[in-house]
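Because only heavy atoms are used, hydrogens play no part in the values below, and waters and symmetry mates are left out as well, while side chains stay in. Because the structure is predicted, anything quoted here is derived from the model rather than measured.
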Amino acid sequence: MTSTKKQTQVRLEENVLAAGKAAAAARRLDFNKYVERLIVEDTSGVRAAGMAAAQRLIDEHGAFLDGLEQELDAPYTDPQPSAAA
């Protein structure tokens, strides 16, 4: 099965293009593939399903995750005893 790709042109602000290229590189994708994935995820409902699942996780386990975060941060937020002179 082969797919026929169509070429199109978009105009982006320079900073938006740079951010998109950086995001693509971080995901080890070329820019075209990155844009294609964004469009597919947005139009297929995949992104919305993922966001809904993330919200359910926060709703059900948010308090636990907040407590865990505080525990993990505690060693770094406690004041260090000053050295005696």
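In terms of hydrophobic clustering, with Ile, Leu, Val, Met, Phe, Trp and Tyr side chains grouped at heavy-atom distances under 4.5 Å, Val35 and Val40 are assigned to different clusters.
Under the side chain to side chain donor-acceptor pair (under 3.5 Å) criterion, Asn15 pairs with no residue at all, not counting sequence neighbours.
Counting heavy-atom neighbours within 6.0 Å of Glu13 CD, excluding the residue itself, gives a total of 12 or less.
The CD1 atom of Ile39 sits 13.5 Å away from atom CZ of Arg37, with the distance rounded to the nearest 0.5 Å. Atom CD in Glu60 sits 7.5 Å away from atom CG in Leu57 (nearest 0.5 Å). Expressed to the nearest 0.5 Å, how far CG of Asp73 lies from CD of Glu71 amounts to 10.5 Å.
For the pair Ala23 and Tyr34, the tightest heavy-atom approach, listed with the atom from each and the gap, is CB-OH, 3.4 Å.
Apart from Met51 itself, the hydrophobic cluster it occupies contains nothing, where clustering links Ile, Leu, Val, Met, Phe, Trp and Tyr at side-chain heavy-atom distances under 4.5 Å. Phe64 forms part of a hydrophobic cluster together with Leu65, Leu68, Leu72, judged by ILVMFWY side-chain heavy-atom separations under 4.5 Å.
The shortest side-chain heavy-atom distance between Leu17 and Lys21 falls under the 4.5 Å cut-off.
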